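For clarity, every value in this text was computed on a predicted model and none was experimentally measured. So you know, we letter chains A, B, ... as the sequences are listed, proteins then strands, and number each from 1.
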Amino acid sequence: MVGDTIVDWYAGAARDLPWRRPGVDAWAVLVSEVMLQQTPVARVEPVWREWMDRWPTPGHLAAVAPADVIRAWGKLGYPRRALRLRETAVAVVERHGGVVPDDVAALEALPGIGTYTARAVACFGYGQPQPVVDTNVRRVVARLVHGWAEAGNARAADLTDIGALAPTDTARATRFSVAVMELGALVCVARTPRCGACPVRDRCAWRLAGSPVHDGPAKRVQKFAGTDRQVRGRLLDVLRAAHEPVDAATLEPAWDDAIQRSRCLDSLLTDGLVEQTADGLFRLPA
DNA sequence: CACCCGTGGCT
DNA sequence: TAGCCAAGGGT
C-alpha cells in the first residue's frame, strides 16, 4: 500500500535535521515545531541550536524575560510565537511539573499549540502514531488521493484522509507521519513537483489524470510591503537593537506615516511585544 | 471562515 | 521583477 511505500522511501531520503536525532526530547521537538510554523527549515536550524543550548528545558525558558526571548527569536518572523512559546514553558512548569504533556488535548491547550503542532509533538516527540496534517501533507493528499493540482483550504476531513493511508503497524504509522511531510517538502513540492523522483508516482491520482492544472479559485496572496506587519517588524527592529528604553522620536525613522506607526506601536503594546516604562519610554518587555 | 500576524529566498 | 511560498495559530 502507498503508506508503506512512502515509509520505505523516507528511510533512504530523510534529511538529517537536528531535531530528528536520537535523544532529542519532546520539549526540543516542540520548540522546533513552533519555530517551523510558516518559517523555512534553513532559517530555523541555527536559531534552534542556539536556543536549545541556552534554554534546554521548559524551566529554563520560563525563567527568562520576554525581552531576551524576543531578541533570541531574531528574524524568524511572527514574534508573537516567541512570546507564546515562553508562555507554554510557564504552563508546562506550572500545570505539568515541567514535563511536556504527551496527550493531544493537553498539548492543544498550550498557548501557540494548535491542531498541527499538538499532533506533531505527540508523534515526533513521543512516538505516537498520530495523523499529522500540515501544508505539505495537504498537498500530497490533494494530488495523490484526490487528483487535484493544489490543496484547498484546510478541512476537518484532512485528518481522516491521511489516517486512511497510514500503515496499520504502530511503529510504521508513526514513521509515516514524518515521511509524508518529507515527501511534500522534498518531492511533491508546490511549484514544480519532482514526479520523476516520487516513490508513488504510479499510484498518484493527479498524474493518472494527466497532471491537470489547478482550476479552482487562486489562493489569496498576502501583501507585505506597506502593511502593518512590515511596520511592526521595523519598530521591533529598533527595539531589539536598543538596550535602553527609547522615546517616541527614536521610533520615527522606522516608518514615515505617523498614523500607521502609532497604530502599530499600540498593537505591539497590546500584544505584549513592547512595554512602556513609567516615564513613557518604550522597550521590549522586561 | 476570513483575516491578521514577519521575513527572506527563489523563480 | 513581483509574486509565490514556507513543519500554523488565534480571533
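One finds no side-chain N or O of A:Arg43 lying less than 4.0 angstrom from the OP1 or OP2 phosphate oxygen of B:dG9. Put simply, A:Lys223 has no side-chain N or O that comes within less than 4.0 Å of OP1 or OP2 on C:dA2.
Nucleotide B:dG9 holds its P atom 14 Å from the CZ atom of A:Arg191, rounded to whole Å. Computed from coordinates, the A:Phe224 CZ to B:dC4 C1' distance equals 13 Å when rounded to whole Å.
Closest contact between the side chain of A:Gln37 and the listed nucleotides C:dG9, B:dT7, C:dA7 involves C:dG9.
A distance of 6.0 Å or more separates the ring centres of A:Trp148 and A:Trp206.
Within the nucleic acid shown, A:Leu236 has no heavy atom closer than 4.0 Å to any nucleic acid atom. Here A:Thr192 lies out of heavy-atom contact (under 4.0 Å) with every strand. A:Arg155 comes within 4.0 angstrom of no nucleic acid atom, judged by non-hydrogen atoms across all strands. Counting any heavy atom pair closer than 4.0 Å across all strands shown, A:Thr135 reaches sugar-phosphate atoms only and no base atom. At the heavy-atom level, A:Ser32 lies nowhere under 4.0 Å from the strands shown.
Nearest-nucleotide assignment on DNA chain B puts the 5′-proximal partner with A:Ala154, out of A:Arg81 and A:Ala154. Along DNA chain B, the nucleotide nearest A:Arg220 and the nucleotide nearest A:Pro79 are compared for position; the residue whose nucleotide lies closer to the 5' end is A:Arg220.
Counting atom types as modelled, A:Gln222 pairs no side-chain N or O with a base atom of B:dC3 as donor and acceptor under 3.5 Å.
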